[in-house]
Amino acid sequence: MKKLFLVANWKSHKRVEEAQAFLKTFLEEEIDLNETDKHIILCPSLLSLPVLTHDLQSLTPSFEISFGAQNISPFSEGAYTGEEAASQVAEFAKYVIIGHSERRKEFNETDEILERKVSLAKQYNLEPIYCIQGKEIAIPEGVNIVAYEPLDAIGTGQPATPENAEDVAAYLKENKNIPYVLYGGSVTAQNVHSYTTEEHINGVLVGTDSLNPNSFLEIIKNA
Ligand code: PGA
């Protein structure tokens, strides 16, 4: 059975209380994922992460979820004001998104910085979800999960075609030995199936439509 990662990237959305309300509603739903290989990953703000981890202990969901962070520092613990090191993030998260186009563009993250982040993440057993915007983008050593997110598909309602996403996924698996390739960019409950049924695609990275518990639940069910 094909492994599918269904990843919610909340970006700078939701205050702590809103994140808690999402989790409660989301986990009230009965979904049977036993016969599937679906892995659900929520990536909230770092401020909500410890609170949600704590809340999860007192909830009894019908399905399993994991948490991811949206960023880590390119440095180890030390005198780096305002940064969270991989070792600190790893206390609460299993995954970390690295290389998102918003971080490359708005925070000037270069391939060299991203490579350092991947290496630190791996050192502390945080699994990177490494975003690339096209086939030509460098992928650091040790990355197991890549998310293909073409720039003009992010937040636009204009997703890439499943054929284009499949073409990139097949290329990355065959030429770069990437075990898992996800697609991201304007994924909805209506279009998710067209990606996840492609042979080489192992899931989706969802921004906008992951913010509402019901729409993200629909995405999970339809995947
Ligand atoms: P979107 O964002 O689903 O809102 O297009 C995807 C992403 O940026 O990961």
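Whatever order the structure lists ligands and atoms in, that order sets their numbers, starting from 1. Source: prediction; values computed, not measured.
Close approach of ligand 1 to Asn9 (heavy-atom distance below 4.0 Å) involves ligand atoms 9 (O). For ligand 1, the atoms lying closer than 4.0 Å to a non-hydrogen atom of Ser186 are 1 (P), 3 (O), 5 (O). Close contacts between ligand 1 and His100 involve ligand atoms 7 (C), 8 (O), 9 (O) [criterion: under 4.0 Å to a heavy atom]. Ligand-side atoms of ligand 1 in range of Ala153: 5 (O), range being under 4.0 angstrom from any heavy atom. Near Gly185, meaning under 4.0 Å from one of its heavy atoms, ligand 1 places the atoms 5 (O).
Between the side chains of Lys135 and Asn175, no donor-acceptor pair is found at a separation under 3.5 Å. Under the 3.5 Å distance criterion, with hydrogens and angles disregarded, a donor-acceptor pair is assigned to the side chains of Arg104 and Gln133. Inspection of the Ser87 and Glu77 side chains reveals an N or O donor paired with an N or O acceptor under 3.5 Å.
Taking only nitrogen or oxygen atoms, main chain and side chain alike, Ile154 does not reach within less than 3.5 Å of ligand 1. Between Gly155 and ligand 1, at least one N/O pair is under 3.5 Å apart.
Contact annotation: for Ala147 versus ligand 1, there are no heavy atoms closer than 4.0 Å.
Using a non-hydrogen distance threshold of 4.0 Å, Ser210 does not register as a contact of ligand 1. Under a 4.0 angstrom heavy-atom cut-off, Gly184 registers as lying outside contact with ligand 1.
By the 30° and 60° cut-offs, the orientation of the rings of Phe216 relative to Phe26 is parallel. Relative orientation of the Tyr80 and Phe75 rings is parallel, given thresholds of 30° and 60° on the angle between their planes.
Close placement of the Tyr180 and Phe5 rings is indicated, their centers lying within 6.0 Å of each other.
In this structure, the protein non-hydrogen atom closest to atom 3 (O) of ligand 1 is Gly207 N, 2.8 Å. Of the protein's non-hydrogen atoms, the one nearest atom 9 (O) of ligand 1 is Glu149 OE2, 2.7 Å.
The side-chain heavy atoms of Tyr195 and Glu166, taken from C-beta on, include no pair separated by under 4.5 Å. Put simply, the side chain of Ile139 reaches to within 4.5 Å of the side chain of Val146, judged on heavy atoms.
Nearest residue to atom 4 (O) of ligand 1 from Leu211, Thr156, Thr208, Asp209 is Thr208 (criterion: closest heavy atom).
Other residues, nucleotides and ligands contribute more than 12 heavy atoms inside 6.0 Å of the NZ atom of Lys3.
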